[in-house]
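Okay, so here's the structure we're looking at.
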Amino acid sequence: MTVARKTLLRSFFARSPERVAEDLLGAVFVHGRSIGTVVETEAYLGEFDPAAHARFGQTARTRVLYGRPGFAYVYQTRHHVCLNVATSVRGTPGCVLIRALRPVRGIAAMRSRRGVDDVWRLANGPANLCQAFDVRLIHDGVDLTRGAGPFFREGEPPTSFYRDERIGISRARRWLLRFLSAGEAVSRPPGPRARLI
DNA sequence: CTTACGATTCCC
DNA sequence: GGAATCGTAAGG
């Protein structure tokens with residue numbers, strides 16, 4: 001039987017990006033009829049993080065990061081969008097990038113939106129999962145703790161996970177801020193410097 | 001205004 | 001390894 005899971009509240013996101021990124025593993029992302037389990041996340045620490053968008057300070061693009069935690073920061077890169085959650089307290093622009101989801105429900109619609117058949121390739125990347133779960137630029141600034149629109153629910157934390165280097169960035173590459181549930185299909189398997197937790 | 005450059009993805 | 005292709009941020 002299925003257990004009723006609580007929606008992740010403001011207090012969950014009002015912590016450091018690292019803690020939120022770790023605890024988001026195993027959580028459930030819900031957007032309409034599309035449901036998936038978080039299996040890969042990445043933490044961005046704020047203005048002092050050379051790889052973070054917030055390194056430029058507050059701009060039109062990064063305004064959500066400076067607001068309250070638990071709001072969606074959706075940005076566009078080339079032809080794709082990526083989904084982040086603002087963390088920490090107001091004025092502290094840390095966030096967590098959602099890098100991979102394991103599809104649980106609504107798979108037919110995900111296949112249709114992605115044009116891909118293989119379930120494991122439906123949401124195995126930050127831009128792919130946005131396409132699969134129909135997350136768009138209009139969701140930038142949406143409150144993810146309301147249970148209306150996209151939101152997160154409690155789930156089963158992985159029995160073990162990896163900490164590894166972040167991906168797709170040139171600065172602060174060696175910081176171990178990528179979190180991967182063990183034994184899941186992620187955007188990229190753990191590398192040589194990964195630590196099993 | 002012009003230029004540089006991606007928190008990506010998919011294909012060769 | 002490289003191209004696609006556009007918004008954001010920096011520089012003049």
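Proteins come first, then strands; the chains are lettered A, B, ... in the order of their sequence lines, and each starts at number 1.
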query: Out of curiosity, A:Y66 OH to A:T59 OG1, how far, rounded to the nearest 0.5 Å?
result: 7.5 Å
message: For B:dA7, is there a stacking contact with A:Y75, counting only centres under 5.5 Å and planes under 30°?
response: no
query: In whole Å, what is the span from the CH2 atom of A:W175 to the C1' atom of B:dA7?
result: 14 Å
statement: The contact string for nucleotides 2-12 of chain C, one letter per nucleotide 5' to 3', using protein heavy atoms under 4.0 Å with B, S and - for base, sugar-phosphate only and none, comes out as --BS-SSSS--
message: Stem finding on DNA chain C, please: runs of three or more consecutive Watson-Crick or G-U wobble pairs, both distances under 3.5 Å, sorted by first number.
response: B:1-6 with C:6-11, B:8-11 with C:1-4
task: With heavy atoms under 4.0 Å as the rule, sort A:A127 into base, sugar-phosphate or nothing.
output: sugar-phosphate
- prompt: A:F13 ring centre to A:R10 NZ or CZ under 6.0 Å, with the angle to the axis within 45°?
  reply: no
Steps toward side chain to side chain contact (heavy atoms under 4.5 Å, CB included) verdict (A:R5, A:E156): CA-CA 10 Å; A:R5 302 287 190 178; A:E156 290 295 329; 2.8 Å; yes
message: Nearest whole Å is fine: how far is B:dG6 P from A:L97 CG?
response: 16 Å
- request: Would you classify A:I169 as touching base, sugar-phosphate or nothing, given that sugar-phosphate means primed atoms plus P, OP1 and OP2, and contacts are heavy atoms under 4.0 Å?
  value: sugar-phosphate
Donor + acceptor pair across side chains of A:T7, A:R153 (<3.5 Å): no
query: What class does the angle between the rings of A:F29 and A:F152 fall in, given that below 30° is parallel, 30 to 60° is tilted and above 60° is perpendicular?
result: tilted
message: Is there a side chain to side chain contact (heavy atoms under 4.5 Å, CB included) between A:R102 and A:L122? Walk through the geometry before answering.
response: CA-CA 8 Å; A:R102 174 164 45 78; A:L122 249 26; over 6 Å; no
message: For a quick test of reading the model, state the closest non-hydrogen atom pair linking A:R193 to A:R174 and the distance between them.
response: NH1-O, 3.0 Å
- request: Could you state the atom-to-atom distance from CD1 of A:I167 to P of B:dG6 in whole Å?
  value: 16 Å
field: Close residues, residues 187-197 of chain A, relative to DNA chain C [heavy-atom separation under 4.0 Å]
entry: none
Where A:A185 and A:A100 come nearest, the two heavy atoms and their spacing: O-CB, 4.5 Å
- request: May I ask you to say what A:N128 touches in the nucleic acid, namely base, sugar-phosphate or nothing, with a heavy-atom cut-off under 4.0 Å?
  value: sugar-phosphate
- prompt: Does the ring of A:Y44 carry A:R166 above it, NZ/CZ under 6.0 angstrom from centre and within 45° of its axis?
  reply: yes
- prompt: Contact class for A:R99 vs. all strands (heavy atom < 4.0 Å): base, sugar-phosphate, or nothing?
  reply: sugar-phosphate
query: A:R114 CZ to B:dT8 P: how many Å, rounded?
result: 14 Å
message: Less than 4.5 Å apart, side chain to side chain, heavy atoms only: is that true for A:L97 and A:T41?
response: no
- prompt: So, do A:Y73 and A:F71 have ring centers that fall under 6.0 Å from each other?
  reply: no
- prompt: With a 4.0 Å cut-off on heavy atoms, is A:C130 in touch with a base, just the backbone sugar-phosphate, or nothing at all?
  reply: nothing
